[in-house]
Amino acid sequence: MAALRVATGGGHWFSALALGVTLLKCLLIPTYHSTDFEVHRNWLAITHSLPLSQWYYEATSEWTLDYPPLFAWFEYVLSHVAKLFDGEMLNVQNLNYSSSRTVLFQRLSVIFADALFVYAVHECCKCIDGKKASKELTENPKFILSVLLLWNFGLIIVDHIHFQYNGFLLGLMLLSIARLFQKRALEGAVLFAALLHFKHIYLYVAPAYGIYLLRSYCFTANKPDGSVRWDSFSLARVASLGLIVFIVSAVSLGPFLALVSSLFVSITLSLEENNLFLLLLLFRKGNKLQQSNNVLPAIGLQLKLLDPNKIPKASMTSGLVQQFEHTVLPSVTPLATFICTLLAILPSVFCLWFKPQGPKGFLRCLILCALSAFMFGWHVHEKAILLAVLPMSLLSVGKAGDASIFLILTTAGHYSLFPLLFTAPELPIKTLLMLLFTIYSISSLKMLFRKEKPLFNWMEKVYLLGLGPLEICCEFIFPLTAWRPQYPFIPLLLTSVYCAVGITYAWFQLYVSVLTDPAVLRTKKQ
Amino acid sequence: MEKLPFMTIVVLIGLTVRWTVSLNSYSGAGKSPMFGDYEAQRHWQEITFNLPVKQWYFNTSDNNLKYWGLDYPPLTAYHSLLCSYVANFINPDWIALHTSRGYESQAHKLFMRTTVFIADLLIYVPAVILYCCCLKETSTKGKVANALCILLYPGLILIDYGHFQYNSVSLGFALWGVLGVSCGWDVLGSLAFCLALNYKQMELYHSLPFFCFLLGKCFKQGLKGKGFVLLMKLACTVVASFFLCWLPFLTEREQTLQVLRRLFPVDRGLFEDKVANIWCSINVFLKIKDILPRHSQVILSFCFTFLSLLPACIKLTLQPSPRGFKFTLVSCALSFFLFSFQVHEKSILLVSLPVCLVLNEIPFISTWFLLVSTFSMLPLLLKDELLMPSVVTMTAFFIACTNSYSIFEKISEEELQLKSFSISVRKYLPNFTFLPRMIQHLFLTSVMAMVLLTLLMVTLDPPQKLPDLFPVLVCFVSCLHFLFFLAYFNIIIMWDSRNRRNQKKIN
């Protein structure tokens, strides 16, 4: 009896939530999967059947291995389990192979990898103060936070329907954030360094980590007014951080360095670690990208409308389209986006340096970095919004203001993921899950902050309610109109623009709250 | 108002699970020439759309009754007709006479699944929500949790959205009936139940408790005054609703008789396939089907059914109470399932519905029963390649129940509602205190047996001499369970209300 009790969650809400969402993920196994499924199958095949030296050269499939080495190692480990399911999937020549056992294995690998995410959520729940914890479970901030993270709509559809491994990567990030909250900075640094070696997209938030560790870990004391005391600089701490980054990089890149014969290695030797990432970024540029709702393309597309004939037809739905020249506006160059991103990130990083507010300030800066990169960065996926949404959940249960920013950001961001799933059988799933998550997040946060001012003003309410008609227009009305053959991109365009408005608004609000927060005084009191 | 968002969330969870299950395979997918229930439903749309009403139930050159002939009451046929108009609007090929036989495509599957989804959403789900909101002596949280568990019941989801049937319509109407009758809207309740009965004749399993409960109510109000008025009202409702449903078939005697012959196919035998009822289980040792002639089989099964449900029905007529009504629904439906003639394995859903209604009163036994009921359909579900959704939804349901009711703490005599029974037994056997512990052990053994059998069935090939070994084992084990549950529910009914009233008096 006791064993059964434990197996069914032991009556504890956290395990019940985690088990519940895991079962939901299992139910999603037969859903549609995108080309990313083939990408990961191909990587399994490459890492399993080819020697190390060819991993980054193999190009039988168009989906070349373009993640950093730790991810390749991860696939390598997975491939040994994959053998037991279906050896055929490990053949590099077997393009677009998707037997039912392959699907089962790949889906299960994502579900199992999510165990790390569940653990990270568990750790994150420990970090928020449970002072407000009331008797009602549904009003317990920890409960709300774990639902917001574990049942996150975006994560479920991107990982378990569309197919990717974001769950455990975001889990690593959340875990490292949790470690920083728990004053275990070195562990946090290890985890983040490892994360960077799994997927380089997390470079977006690296400035926040760098500045925070330097400011609050390497400098051990502050002046009374909160500014830095230069003499408190601890060389030992810097050295330990450096050592950690070095060790993680060595583990990840070491085996490649050992292959002296390879040209690749000579490049790596001469370049610093980050340059490898740049290299990977460049590789990636020529690779897959679906339409993202980042501000610049949205504006560009809107004006492009003037001359729809010049738009390549395939560019809206296929996965392999890149670099399109804007017909009206000047095309946006990578350098421009880089400068924009840098400018957008800078104020938040300055805040982190001059107004240190402990881990919470770091978290805000991290979210701003992720959001700024999402808004202005070069070649951004719509999925990158998860990078901001998940950490923002941590803030949302702390303060009413943050909660309202979170709700707008999440709802707009999640809605922007809708075009990822365009097949008819998945339409009810995405709608139901989105409603489920949105209704829960809004109602529970409202209940949590019911004593404070209302979460939304009229403008925000109108914006959120507008998503409903937008969805109906895009999915149901538009296909019946005569514009469908001629302007197939209109629903995507509307979605992008509408969501970009919401995300920009949330970004702006968050910036305002960071810049105007009189945190210095508070730190002094402490 | 506070519970509104949570109810919405529960409904959304239930709907999400339903739709994800519907992405899986259906019965008879790609299995020419007969296919399965999915093709049956599509075929009925074809028949009802293309043929005049007079020919629906008759064997003609356009309507081969051997190929999934219509064998449900008129309301099912009307529902098919309605769906066929939508199908015709979307793609006439789906229901073209003759040529559409065995039609299968992704779009068509989507259409069929959507029809089930919509019917469920319109009839069954609102009834469940309303039922949970009307529960007395339950907190808001309890109501929401109860709704979650009922909506997650895996048997109904797997049969409707996996195997493919429209059970949620007939069960939904029956639930509306229960709701109406227990809340005092007797006329509306009996109307809803008549609709259920006219959708699927299997709803007859529930008819006796309805009849007894309403009759008991009339007796209670006095047959010479108010009670008589009520009785007349109910009789009129039933006759009128049946008359309206059967109107096109009442014009000729032959029509009516043919429909009835189609609904009660006596010549199809005592049982079909592998059913977890008493006849199929006895069949392992004794081939009743071959020994006895057909008509004595009918009489035998009738006698057994009648005797097993008699005590509960008499009790309900004499002491009508909404609570007793629900328990009698369980025991009557179970008696029918175990003993009656020509039972399908899916008919266990008719027992599961009333068990869902008593989930909050005896959570431990109900959860157990609902798991076993789903398990008893395992051979069918495996045939339809629904292993993964079955295992997942069963686990999810189990977790939902354990967390909603903390069932492992509710195993005392009191919680199992066996207090008064134990007290009466103790008059003769003073040491009779081991019942809860025994039930606990039985539960553990049963869970282990179910898991073990599932594993065996999935991994091993049956020995060549006994190709049906595992299905028969599943049926046999489930049948033992059901006999135990029948005894349990009858004990509760017989020992319950009087003593309960006494307890209240003492309090």
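By convention in this document, chain letters (A, B, ...) are assigned in the order of the sequence lines, proteins followed by strands, and residues within each chain are numbered from 1. Scope of the values below: all heavy atoms of this structure, side chains included, with no hydrogens, waters or symmetry mates. Note that the structure is a prediction, hence the values are computed from the model and not measured.
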Original post:
When you measure from the side chain of A:S34 to the backbone N and O of A:H162, does any donor-acceptor pair fall under 3.5 Å?
Top reply: yes
Subject >> Check: A:D159 side chain, A:N166 main-chain N or O, donor-acceptor pair, under 3.5 Å >> reply: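 Yes, the answer is positive, given that a donor and an acceptor are paired below the 3.5 Å cut-off.
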Let me know if [X] has heavy atoms under 4.5 Å from chain A in its side chain, its backbone, both or neither.
X: B:I407; value: neither
X: B:Q106; value: neither
X: B:L15; value: both
X: B:T8; value: side chain

Original post:
Which residues in residues 18-27 of chain B have any heavy atom lying under 4.5 Å from a heavy atom of chain A?
Top reply: B:W19, B:T20, B:V21, B:L23, B:N24
Subject >> Check ion pair A:E471-A:K430 (N to O, under 4.0 angstrom) >> reply: no
Determine whether the side chains of [X] and [Y] contain a donor N or O and an acceptor N or O closer than 3.5 Å.
X: A:E426; Y: A:T423; result: yes
X: B:Y124; Y: B:D160; result: no
X: B:S373; Y: B:Y153; result: yes

Original post:
Which region of A:I29, side chain (C-beta onward) or backbone (N, CA, C, O), has a non-hydrogen atom less than 4.5 Å from a non-hydrogen atom of chain B, or is it both or neither?
Top reply: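 Just its side chain gets close to chain B.
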**OP:** With a 4.5 angstrom heavy-atom cut-off, could you sort out which part of A:T31 is near chain B: side chain, backbone, both or neither?
**Re:**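 Its backbone and side chain both get close to chain B.
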Original post:
Parallel under 30°, tilted from 30 to 60°, perpendicular over 60°: which one fits the rings of B:W368 and B:F443?
Top reply: perpendicular
**OP:** Kindly assign one of parallel, tilted or perpendicular to the pair B:F485 and B:H481, based on the angle between their ring planes and the thresholds 30° and 60°.
**Re:** parallel
Subject >> From CD1 (B:I150) to CG (B:N360), nearest 0.5 Å >> reply: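 The CD1 atom of B:I150 sits 7.5 Å away from the CG atom of B:N360.
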Original post:
Which one of B:T393, B:V392, B:V391 has the most heavy-atom pairs closer than 4.5 Å to chain A?
Top reply: B:V392
Original post:
Quick one: of A:L432, A:L24, A:L435, who has the most non-hydrogen atom pairs under 4.5 Å with chain B?
Top reply: A:L432
Subject >> Member of A:S100, A:S98, A:S99 meeting the side chain to side chain donor-acceptor pair (under 3.5 Å) criterion with A:T102 >> reply: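 Result for side chain to side chain donor-acceptor pair (under 3.5 Å) with A:T102: A:S99.
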